[in-house]
Amino acid sequence: MNARHGLLTALALLTVVTAGCRSKEPKLEPLKLGDGRTLTAETLERGRDVYTYYCISCHGERGDGQGPTAVGMRPPPRSFRQGLFKFGDVAVGELPTDEALKRTLRRGLHGTPMLAWDVPAADVEAVVQYLKTFSPRWREEAPGKPLEVSPDPWKGREAEAVERGQAVYHVAGVGYAGCSGCHISYLPRAELESLTERLTGRKVNLSKADLYTPQARDSDYAVAVDAKGEPTQLAKVLPPDFLQHKLRTVWPLGEEVEDTDYTPQRQREDLYRVIAAGVGGAAMPTWKGAIPEENLWALTYYVQTLVNLRDTSEGRALKERLLAPAK
């Protein structure tokens with residue numbers, strides 16, 4: 001029995017025990033959504049059964065992220081009562097699309113306890129709808145407009161894209177994202193000073209700045225809740241260091257994701273989707289429309305090079321070079 005199988009078995013057993021101790025569930029009523037649709041009681045009750053079996057041990061009976069196995073989990077399981085989702089395919093702050101929720105269920109979240117659940121499509125559909133019973137936002141608002149993955153303008157010009165993307169990542173200003181202000185820098189100080197002056201005309205002195213240590217930032221994610229399931233303590237989140245941390249919705253090349261080979265193009269599109277939409281509840285904003293589309297794609301190419309340097313000798317050498325004392 002491998003570790004993943006063992007964990008699945010333990011969760012299933014715990015779920016059965018938990019469900020067995022609960023009283024008979026009340027009949028659910030149809031749910032009118034903010035987008036005009038009405039979910040039938042049959043759909044919601046099927047979704048509740050799926051949720052009880054697969055989700056309740058982490059996310060809790062009340063959907064507040066306080067299930068019996070949630071203690072100590074980092075990141076903490078999502079509280080569905082807040083109506084906040086990290087990877088919704090929509091602008092930050094908006095309700096996610098159903099497809100984004102289903103993708104998370106099918107794939108899981110890489111590097112977290114959220115597993116990929118191989119369940120029938122009808123069960124995935126039902127549990128996605130049932131999640132909407134936990135937050136009043138679903139009754140009051142429609143999901144956001146999906147942010148489309150635009151055509152890649154850099155196909156066949158990868159080196160150019162990476163060079164442009166490096167500038168977009170490190171420089172703050174019109175048309176640039178300045179990602180290194182929250183994530184870390186992957187350029188030595190002197191190179192970053194030179195790049196900033198060349199592109200913006202601004203002279204900067206970074207000799208005393210800490211450019212290479214990630215700093216935890218505030219989030220809207222609940223770590224603890226009160227008796228009503230409302231947040232009493234919020235988590236801080238660490239912007240990923242791409243040379244060190246696993247990304248939640250991006251996998252290493254060569255793995256199988258949803259039974260299909262994970263290609264460079266698929267990986268790039270997943271990165272694009274996250275960068276374009278931002279990360280709900282965290283400090284990562286929506287970049288779609290904030291910078292030119294060709295710069296958004298170039299940024300995607302550059303971040304992809306960093307992601308694929310993780311756990312390589314080249315990546316470790318870059319890290320050592322960045323952290324070496326200035327001469």
Report the C-alpha separation of Y186 and Y169 in whole Å, then their side-chain angles, then the decisive distance to 0.1 Å, and conclude whether the ring-ring contact (aromatic ring centres under 6.0 Å, His included) test is met.
-> CA-CA 9 Å; Y186 298 96; Y169 180 92; 5.8 Å; yes

Is it the case that atom [atom1] in [X] sees more than 12 heavy atoms from other parts of the structure closer than 6.0 Å?
{"X": "D35", "atom1": "CG", "answer": "yes"}
{"X": "E256", "atom1": "CD", "answer": "yes"}
{"X": "E197", "atom1": "CD", "answer": "yes"}

Cut-off 3.5 Å, side chains only: do D261 and T263 have a donor facing an acceptor?
-> no

Do Q265 and D152 have side-chain atoms, one donor and one acceptor, less than 3.5 Å apart?
-> no

Strictly distance-based, threshold 3.5 Å: is any side-chain N or O of [X] a donor or acceptor partner for the main-chain N or O of [Y]?
{"X": "Q82", "Y": "D220", "value": "yes"}
{"X": "E193", "Y": "L206", "value": "yes"}
{"X": "T312", "Y": "L309", "value": "yes"}

Inter-residue atom distance Y212.OH - L323.CG, 0.5 Å rounding = 8.5 Å

side-chain hydrogen bond (donor to acceptor under 3.5 Å, both in side chains) contacts in which one or both residues fall within residues 242-252, not counting sequence neighbours | none

Could you walk me through whether D49 and R46 pass salt bridge (charged side-chain N to carboxylate O under 4.0 Å, His left out), step by step?
-> CA-CA 5 Å; D49 290 342; R46 178 169 182 166; over 6 Å; no

Candidate pair S150 and E293, rule side chain to side chain donor-acceptor pair (under 3.5 Å), full reasoning | CA-CA 8 Å; S150 63; E293 197 65 13; 2.6 Å; yes

